[in-house]
Undergrad: 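My structure is below; once you've seen it, I'll send some questions.
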Amino acid sequence: MAGGGQLARMTQQAAIALGVSLRVLAGAADDSAARVTPGTSVGDDRSEADLLAFAEGCDVLTFDHEHVPGAHIEAVEASGVPCRPGADALRHAQDKLVMRERLSALGAPCPAFAAIPDETSLKRFADEHGLPLVLKATRGGYDGKGVWVIKDLDDPAVAELLASGTPLMAEEMVSFRREIAALVARSPYGQGAAYPVVETVQEGGICVEVIAPAPGLDADRAEEAQRLALDIADKLGVTGLLAVELFETADGLLVNELAMRPHNSGHWTIEGARTSQFEQHLRAVLDLPLGSTEPSARWTVMANVLGGDDPDLYSRYFHVMAHDPGVKVHFYGKHVRPGRKIGHVTVLGDDLGDLRERARHAADYLRWGTAMKQHTAAVKEHTG
Ligand SMILES: Nc1ncnc2c1ncn2[C@@H]1O[C@H](COP(=O)(O)OP(=O)(O)OP(=O)(O)O)[C@@H](O)[C@H]1O
Ligand SMILES: [Mg+2]
């Protein structure tokens, strides 16, 4: 697996159970996955030489992020090591404009969009679709970095973005009811498997909570989302996992973006489904039969733990575990930085309101510790 982040780390947990020797190409020896994977090479997965050297002797190469250049992936394929997903499929998770163009051609529902090479094209788009609009860097964004809501074309930030040389695209500002995600797997053999569709809650562009299954989602709409994701996986020739982030609007579903790897919206599957997304990804890239996606409880709630000011997360385990023995804590072994995703918690059961409360409490406490009370009070005061 190219990339040594938390997705590779959790894939290693699944690989251990399967007796599969996962090797990881990590940027540094203390990367999240490098700390727990004996077969780690330290190198730059955006360097063709490093990638080729790493892939030598592997049965198959896969990725924990989408930033490996397509040409390098093709070079690895040419050296005889299959890459899953392949460069052709992965392009659609690397470049939002490529993704929009292809999905629109396939008839998948998307927000209105356009490439924005200059001010004129931006003005034209705003005239046609109104303000606010959403500007996006076509490549390299994550956790909302690379997404800007534009309310006023005269905002100096707009001119700055246009002058920055970042390839940009515009999208209409979708007024959605909520965001949902459909996670599927597809193997080279052509087998597909779909997980229950989930609701994802974002704050400040970062996913903070996932509810499985999405509460109150109409059965027909859930099936529509699953079929859409399976169909995209098939048409794009995806091998491995495909997460399709969707907007649920009053008029139906719209695709937001694609990820071709284990995804934050699928962390709940570790405890909440018969087969975790990490095991499923391994099965799919190894062309093994896929596992059951059956949920293990009526509801599963996952909350991301973001970094706070204090790096000593472990000291907070005592309270969280004593307070609620049903909470499963996952920590990624990453350096704590304010706002960075450093872990997650999962709870499952029958009472959704109770589960959400418990997940939130555990995640907030891990982030803030005993400062949480002041934090909660400050938020209440701020939001009235
Ligand atoms: N066209 C749109 N209309 C309204 N909101 C949008 C639109 N596009 C994106 N957003 C909001 O911004 C968030 C981040 O956008 P997007 O998923 O494209 O960026 P990203 O940084 O690549 O995402 P990720 O955090 O999944 O890596 C979305 O989850 C959604 O809340
Ligand atoms: Mg996204």
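Whatever order the structure lists ligands and atoms in, that order sets their numbers, starting from 1.
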Undergrad: Find the distance between CZ (R139) and NE2 (H67) and round it off to the nearest 0.5 Å.
TA: 10.0 Å
Undergrad: Is it the case that the side chain of T275 and the backbone of S292 share a donor-acceptor pair, with hydrogens and angles ignored and the cut-off at 3.5 Å?
TA: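 Between the backbone of S292 and the side chain of T275 there is a qualifying donor-acceptor contact (under 3.5 Å).
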Undergrad: Treating T239 as the side-chain partner and S187 as the backbone partner, does any N or O pair qualify as donor plus acceptor under 3.5 Å?
TA: no
Undergrad: Could you check atom 5 (N) of ligand 1 against the protein and tell me its nearest heavy-atom contact, residue, atom and distance included?
TA: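 The closest one turns out to be F176 CE2, 3.6 Å.
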Undergrad: Which is closest to atom 19 (O) of ligand 1 by heavy-atom distance: K96, K136, M173?
TA: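 Closest candidate by heavy-atom distance is K96.
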Undergrad: Please test L352 against I211 for side chain to side chain contact (heavy atoms under 4.5 Å, CB included), starting from the C-alpha separation and ending with a verdict.
TA: CA-CA 9 Å; L352 182 57; I211 307 169; 3.7 Å; yes
Undergrad: Determine if the distance from atom 13 (C) of ligand 1 to the closest protein heavy atom is below 4.0 Å.
TA: no
Undergrad: Geometry only, no angles: is H263 polar-contacting ligand 1 at N/O separations under 3.5 Å?
TA: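 No.
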Undergrad: Closest to the Mg ion (ligand 2), which N/O/S atom of E245 is it?
TA: OE1
Undergrad: For atom 7 (C) of ligand 1, is some protein heavy-atom partner under 4.0 Å away?
TA: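 At least one protein heavy atom is under 4.0 Å away.
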Undergrad: Using atom types as modelled and distance alone, determine if a side-chain donor or acceptor of T269 lies under 3.5 Å from a backbone N or O of G272.
TA: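 Here the side-chain-to-backbone pair does not exist.
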Undergrad: Could I get the full list of ring-ring contact (aromatic ring centres under 6.0 Å, His included) partners for Y332, not counting sequence neighbours?
TA: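 ring-ring contact (aromatic ring centres under 6.0 Å, His included) check on Y332 returns H344.
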Undergrad: Against heavy atoms of E245, which atoms of ligand 1 measure under 4.0 Å?
TA: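 Answer, ordered by atom number: 17 (O), 26 (O).
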Undergrad: Would V147 count as being in polar contact with ligand 1, using the rule that some N or O on each side must be under 3.5 angstrom apart?
TA: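 For ligand 1, there is no N or O atom that lies under 3.5 Å from one belonging to V147.
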Undergrad: Checking contacts here: is it the side chain or the backbone of I206 that comes within 4.0 Å of ligand 1, counting heavy atoms only? Could be both or neither.
TA: neither
Undergrad: Where is the nearest protein heavy atom to atom 21 (O) of ligand 1: which residue, which atom, and how far?
TA: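 Result: G144 N, 2.7 Å.
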Undergrad: Should N304 and H267 be marked as a side-chain hydrogen bond (donor to acceptor under 3.5 Å, both in side chains) after you check the CA-CA gap, both sets of side-chain angles, and the distance that decides it?
TA: CA-CA 9 Å; N304 277 331; H267 292 356; 5.2 Å; no
Undergrad: Can you name the one residue among R9, E271, Q13, Q6 that meets side-chain hydrogen bond (donor to acceptor under 3.5 Å, both in side chains) with H330?
TA: E271
Undergrad: Ignoring hydrogens and angles, state whether a donor on the side chain of H281 or T11 is under 3.5 Å from an acceptor on the partner side chain.
TA: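 No donor-acceptor contact under 3.5 Å links the two side chains.
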Undergrad: Could you tell me whether D143 approaches ligand 1 through its side chain, its backbone, both or neither, with non-hydrogen atoms closer than 4.0 Å?
TA: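 Both backbone and side chain.
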Undergrad: Could you pull out the atom name of the N/O/S atom in E257 that is nearest the Mg ion (ligand 2)?
TA: OE2
Undergrad: Strictly below 4.0 Å, N to O, side chains only: are R227 and D231 in salt-bridge contact?
TA: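 No, R227 and D231 are not salt-bridged.
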Undergrad: If the test is side-chain contact (heavy atoms from CB on, under 4.5 Å), which one of H129, E101, M99, K96 qualifies with F113?
TA: E101
Undergrad: Tell me: protein heavy atom nearest atom 3 (N) of ligand 1, and distance?
TA: V174 N, 2.9 Å
Undergrad: Which residue supplies the protein heavy atom nearest to atom 10 (N) of ligand 1, what is that atom called, and how far is it?
TA: F247 CZ, 3.9 Å
Undergrad: For atom 29 (O) of ligand 1, which candidate among E172, R139, E179, K145 holds the nearest heavy atom?
TA: E179
Undergrad: Suppose we measure from atom 23 (O) of ligand 1 to each protein heavy atom; which comes out shortest, and what is that distance?
TA: E257 OE2, 2.9 Å
Undergrad: With a heavy-atom distance limit of 4.0 Å, tell me whether V134 approaches ligand 1 through its side chain, its backbone, both, or neither.
TA: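 Side chain only; the backbone of V134 stays clear of ligand 1.
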